[in-house]
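One structure is given here, and the rest of the page talks about it.
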Amino acid sequence: MSSAATVTVRRLAWAGVEVAAGEVRVVIDPLQNTADLAGFQGMPRRPMPGIGASPGVRTHALITHLHPDHCDRQLLTDIAGSEGGTVGCHAPIVDVLAGMGVTATPQTLGERRQLGPFTALPVASHDWRGDDQVAWIVETAGLRVIHFGDTIWHGKWWQIARDHGPFDVAFLPIAGVMTRREGFTPTNQPATLTPEQAVEAAVVLQASTACAIHYDLFNNPPYYTEQHDVRGRFLRAAQARGIHAVAPGDGEPVPFASAA
């Protein structure tokens, strides 16, 4: 497939991504309010940019899971209350969101929902704590992207590729975060993909471009510790594997190569 000229793709802050066309945009895991993160992840290293849309643009938010760095309750409430705005989630968490004051549209795994020119569907993903999590596929004529929240390495990559690939862009966390949290026995295993694992996931997913997300914003040892040189490792691992990899800054467009 080739990229659609009328579609724009931006990386937002942290794990956030925006795919937009005309008067519709889809934002995945948008984050703007960080006060709830201070105790575990710490405060962000730089100010959080806004994600404001232009007048007349309908915003549809999708969330991968309920962790507060991916599920910004205040922002989601604003989006759900905006003209034509919606919030999409995996069906098992819709009642939790309702209890948080967020009205959401539930979807089961593989269930498609039309959002203007875009189709969105959730597929399997896995969380280090065992919490409910999904990845989101967003597609339109000439473009298909997949976005993972803070997933770990798992066995569903190949099934996703068979059922839904190839992808123009795969958005993958790269921080390889090491965590220490009350109630969880400390281990020396990362709670999110390492840079090298992210590249391997992109290979399996048949992604023309791998885009780094979920890194270089929070670092709060010993509770939440990013691994060393994750951006450099990601780009070097991608080069070694022949993968086109990018790591744009907050709010920057995502330069992606067309799929063959």
Side-chain angles (χ1 to χ4, degrees), residues 3-4 6-22 24-34 44 48-54 57-72 75-76 79 85-90 107 113 115-123 125 133-140 142-151 160 164 167-175 192-193 198 201-202 205 207-218 230-231 234 244-257 259:
S3 61
T6 57
V7 179
T8 61
V9 183
R10 286 196 305 151
R11 181 187 172 222
L12 305 177
W14 194 229
V17 168
E18 175 194 82
V19 185
V24 177
R25 68 172 182 164
V26 177
V27 291
I28 311 172
D29 285 359
L31 179 64
Q32 193 168 291
N33 305 288
T34 60
M48 298 295 293
I51 65 161
S54 302
V57 174
R58 299 187 301 280
T59 299
H60 301 281
L62 304 171
I63 61 167
T64 57
H65 61 300
L66 289 168
H67 297 175
D69 59 325
H70 298 260
C71 180
D72 183 336
L75 180 57
L76 294 175
I79 290 173
T86 68
V87 173
C89 71
H90 190 209
Q107 291 173 247
R113 184 163 69 102
L115 304 171
F118 301 107
T119 301
L121 67 150
V123 295
S125 188
Q133 183 169 167
V134 295
W136 285 98
I137 296 172
V138 176
E139 56 189 356
T140 189
L143 181 70
R144 182 182 298 127
V145 306
I146 187 166
H147 174 284
F148 291 85
D150 57 9
T151 189
I160 294 169
H164 304 289
F167 297 94
D168 291 284
V169 189
F171 294 96
L172 296 154
I174 69 166
T192 63
L193 293 178
L205 292 166
S208 295
T209 295
C211 183
I213 60 171
H214 199 277
Y215 74 102
D216 191 38
L217 188 63
F218 297 100
V230 292
R231 184 180 185 276
F234 172 71
H244 179 247
V246 296
D250 298 344
E252 292 184 355
V254 176
F256 53 90

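Everything numeric here is computed off the predicted structure, so don't read it as measured data.
With sequence neighbours excluded, no residue forms a salt bridge (Lys or Arg N to Asp or Glu O under 4.0 Å) with R58. Residues satisfying the ring pair (Phe, Tyr, Trp, His ring centres under 6.0 Å) test with F171, not counting sequence neighbours, are none. By the ring pair (Phe, Tyr, Trp, His ring centres under 6.0 Å) test, H214 is found to be paired with W14, H70, residues two or more places apart in sequence or in another chain being considered. With sequence neighbours left out, the side-chain hydrogen bond (donor to acceptor under 3.5 Å, both in side chains) criterion links Q32 to no other residue. Among residues two or more places apart in sequence or in another chain, the side-chain hydrogen bond (donor to acceptor under 3.5 Å, both in side chains) test is passed with H244 by T209.
Separating the CD1 atom in I146 from the CG atom in D168 is a distance of 12.0 Å, to the nearest 0.5 Å. The CD atom of Q107 sits 4.0 Å away from the CH2 atom of W136 when rounded to the nearest 0.5 Å. Between the CG atom in L205 and the CG atom in L172 there is a gap of 6.5 Å [rounded to 0.5 Å]. To the nearest 0.5 Å, atom CG of residue D250 and atom CG of residue L31 are 10.0 Å apart.
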Could you check H147 against V19 for side chain to side chain contact (heavy atoms under 4.5 Å, CB included), going step by step and ending with a plain yes or no? CA-CA 11 Å; H147 174 284; V19 185; over 6 Å; no
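Of the possible polar contacts, one joining the Q133 side chain to the D150 backbone as a donor-acceptor pair under 3.5 Å is found.
Under the salt bridge (Lys or Arg N to Asp or Glu O under 4.0 Å) criterion, the residue pairs touching residues 24-33 are E18-R25, with sequence neighbours excluded.
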